[in-house]
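Everything below concerns the one structure shown next.
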Amino acid sequence: MSGLDHVDNYPEIPVSLAATSTVLKTGAWRSVRPVIRIRTAPCSAYCPAGISIPEYFDHLKEEKLDEAHSVFMERNPFPRITGRVCPHLCEQGCNLAVATDEKPLSIRSIERWLGDQTADLPHPYPTEETGKQVAVVGAGPAGMAAAYYLRRSGHKVTVFDRRESAGGILRYGIPEYRLPTAVVENEIEKLEDMGVEFRMRLALGTDLKLEDLEAAYAAVFVATGATGQRSTGIEGESLLEPGLAFLEAANRNLASLPGERCAVIGGGNTAMDVARMLQRMGAKVTVLYRRTLAEMPAIEEEYERALEDGVDFNWLTQPRKVTKLGDKLLVTVEQMRLGTPDESGRRRPEPTGITRELRFDGVFSATGEKADTAPFPDRLRDSHGWLDLDGDGATKDPLVYAGGDLATGPATVIEAVVAGRNAARAIDAELGYADRWPAEPPADTVSPAEVNVTYMPHHDRAEDPPAVTADPFAEETNTLTAADVLGEIDRCLSCGYCNTCGTCFVFCPDGAILWDNGPRIDHEFCKGCGICVNECPGHAMVLVNEREVSHA
Amino acid sequence: MIELRIHGRGGQGAVVASKTLAQAAFLAGRYVQSYPDYGVERRGAPVVAFARIAEPGDDLFVRQDIREPHHLLILDATLLDSANPIAGLQPGGWVVVNTSDPPSALGIVPRFRVATVNATEIAQRHGLGSAAQPVVNTAILGAFVKATGIVSMEDLLAAIDHEVPVKAEENRLAASEAYEQVLLEVSV
Amino acid sequence: MPERLLLTGNHAAAYGAMLARSEVISAYPITPQTMIVELLSELTASGRLDAKFITVESEHSAMAACVGASAAGARAYTATSGQGLALMHEMLHWAVGARLPIVLTNVSRAMAPGWSIWSDQSDILSQRDVGWMMLFAESVQEAQDFIIWMYRVAEQVFLPGMVGMDAFILSHTAEPLIVHDQEAVDEYLPGFQPLYDLDPEQPRAYGGLVNRDHYFELRYKVYENMERAGQLLIDAGEEFGEVLGHKYTPLEGFMLDDADYVLVSAGAMTSNVRQAVRDLREKGIKAGLLRVIAFRPFPVKQIRQKLGGRKKVAVLDRNMSAGHSGIFAEEIRSALLGRPDAPPVYGYVVGIGGRDVRVETAHEVMNDLLVRDEPEMSLFVGVKGLPIGPLRSDYEIRPLEPLEVMR
């Protein structure tokens, strides 16, 4: 109202001669500006594969199944498999669970639903063939993942495996009630349909020589797993039955019970599988573990299910000696106690000298397997006999890569898948195609202190419902319904990913957030008050100093 | 100027009686006022309403409670015992009471003229209000017209059409029957 | 054609709003105003009144709705009473600052607690300084006509106005009135032309922040227009007589010309004061009546002219500004202050909370006035156990048991 030096020059009411909001560019008042930024959700950060979980959830919410699937497949080609067997580290990081007393999002169950929904969706046949041929040795999860990504990139892929069927640990190591063979076969068929060649009954070191493969293929990826028996240090070890071999026999319907009372030595996921499988075959199973539940490496859910199956646990129990007593096995165990933490951070078991004797019909060892690196020449191994690899699985020989349990020792399926993908990406780059892989998730992870749970719906977590079946070997859980999945996704804060919830639009006091299928900040008028950033449920916005912007 | 006071209980139609009577006089060209002594009214609670009717050609009015009415309408005879409605009534004024008793039975001091009519029975017979809570206002107005002659029956029936929201025909019949049935006692 | 009907004051107000062709009505029911709202909602629902009736959850919102409607160019009307008017207070200021000629009927009742629904001017006079014009009706006819008169002036000065009418004594009293011919009212009151058009194509900010450099000037304009309204009320009242048959003025005198003793009154109780003046004249006392119709703007010049040189002036207030005096008395005194011919002004407080103000009450006041020497600020009439007189100076609080029944 400049120039108003006489009362007669005034309007009758306080009315601006034009809309102040269009004339007064309040953006000039700003010292910081909000920026909508894709950040990493803790679920994605915890996920070994770095799957963009909020992003594909958003697509599911919008009922765009194909888009959700394609986001997922960028980082893990097997949602049906990992959706069933993954230890779901993602859920451990869930900000909702950290910021509230609620349970984390049921991320694995949603992944499983996505996999089942897209089971019949064929993998894309490569649009352009590179003419390069890559050999993959080992048809387990690492080899399958590498095959998928290499083939998708246009390379011709041949997968070799020593067994009669592909799948490796997925088919032969994980019990049917957790991962049905049909699911694994479906994935293999889809790989075949996209042009991956599987050649069975060919073992590396005997039927195949590494140097021959190197000569014949542009690159070789070896992922033959870790199935070798590691010494347990127990006297009379030969009387123990290897757990993994038992699981393979059981998956082939060739296993038989040694008797009613069985023991399983170990506390990992293989120990749980062996114990539960034995229990389901009719045995009464006792797990012997040298530490306590708190230190046990098996995922909690498998332990709980073992309890449900009727498995018994003897904690702080270290078998020392196994002897044959008639048709029974006599196991001498020493009582342990917990001492100081070891390098893994878990408290170390210490002997007490107190022993007792237990009697079983059969005893199974599941204390860890070792990889067989014999087919590799010494120049590719370190002084301990381990393969000498970089982060992508490259050996010293630029054409030879290795990954999965072979490289790491026994680990999870998702880690094997990641190894396969990493090797595929490295091979692809080696073959001259570096630029066609998506960037890694940003290091900037959304912390629990940043999220805003005020506007989120609060309801119970949806979990895979138990299957109603009399068959102990049929799959033990069902997949969620679509309604449950959508309800569960509603709980997702969408950390670091704008899912166009509109909270910023609603709360901006200056109308400086425009809506164009999603929020767009009108920097001419945004005063930089930061309310949008504060209110954004998943903190997919950050405040940036104006000087940083202007100097950038 | 004629000042009237109407005593009833919440639900009997005392306020509408006042307005209807004023309307009848208004139709006859008189200047009128009608108003309730408004309280926090509930069904059954004592209610008072007033009406003023000017002499023909006069329209100068005061606005105050009527303490010394010329006539009374009593819609419920039990009010005679509890509410002292006779207070302030001018000598020679009519007391028109809804009761099945004859005027002589009411024991009202003989300075006043008394008229009685069983307005409850008439209202019930014509379905006015409910059986338990009959609306007796139009019936007692018929009796009042017969007793006082302040307005004509013709104007009363026309006023009922103006002021009574439902059952106009039944209300007119009730007024007419009361007009015929009312018992008059002149004891001044 | 004009019709002569028998209506209550409330229904007359509803007819006034209808005849004025109110386009938006937003009101919240409250005893004793409810019948206004009921009838207007019926009239709008039936289509007899072409208006939008906006139901709201409070009087504050009712006035907010009127503010919005008026700003958008609609003729807006509301009605309320007592606590409802008090709740509206903030929005009353808004209507002034936004210069919106809204008209409001206030059925005046006493303020709670103790809860009271009966006649008392305290509610409307509590809004004395918000900047609304105020008219006090004495009859059912005026309850209707003043709405029309008020719109006529309000829409010339772009200030809102309220019409006060007494609870029950007018609101619930049926008496004959003339319901004007619609065409004649239309001739008197043309359609509302807002000061500024609200145009979504040309957005503007209304009622925004005004800094210290500018607020004073905007308020000055409000005061100027309120002042201007004084003459416009006279002109429009004159014109009302020409077009609609009855002339209205901001002040009304009765037997005033040669009166030595003047009773000043406003609202419905004036009828009884008028009757008392008539009686006094018959007894040979040179009494007169001055009725205040327009309270805002206050007709200062005319009051000086009408009251100058009288022997004594008694002001009857059905209200009280605790700590000072009756509000009409206060205003009359200030209008006369410093005038060489200013008469002594005696303030009388009567009829608080609907206590019957009767013809006899006016007589009591006159009897007291004739013998009293000192013009007291406030003399209380009819407080139980006390003669007419000023507040006691020797009073102390004495706790008593609560009364079982106070009605």
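Below, read A as the first sequence line, B as the second, and so on, with proteins coming before strands; counting in each chain starts at 1.
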**Prompt:** CG of A/Asp435: more than 12 outside heavy atoms within 6.0 angstrom?
**Reply:** no
**Item:** Pairing residues for C/Val300 by the side-chain contact (heavy atoms from CB on, under 4.5 Å) criterion, not counting sequence neighbours
**Value:** C/Phe298, C/Arg304, C/Ala335
**Prompt:** Tell me, side chain or backbone of C/Tyr220 under 4.5 Å from chain A's heavy atoms, or both, or neither?
**Reply:** side chain
**Asked** With a 4.5 Å heavy-atom cut-off, do C/Asn225 and A/Glu12 have their side chains touching?
**Response** yes
**Side-chain touch C/Tyr215/A/Pro14, heavy atoms, less than 4.5 angstrom** = no
**Prompt:** Is A/Asp460 atom CG crowded by more than 12 heavy atoms from other residues, nucleotides or ligands, each under 6.0 Å away?
**Reply:** no
**Request:** Calculate, to the nearest 0.5 Å, the distance between atoms CG and CD belonging to A/Asp8 and C/Glu224 respectively.
**Result:** 7.5 Å
**Request:** Please name all residues satisfying ring pair (Phe, Tyr, Trp, His ring centres under 6.0 Å) with C/Tyr188, sequence neighbours left out, ordered by chain then number.
**Result:** C/Phe240
**Request:** Find the distance between NZ (C/Lys221) and CD1 (A/Ile13) and round it off to the nearest 0.5 Å.
**Result:** 11.0 Å
**Prompt:** Can you tell me if CD on A/Glu62 sees more than 12 non-hydrogen neighbours from other groups inside 6.0 Å?
**Reply:** yes
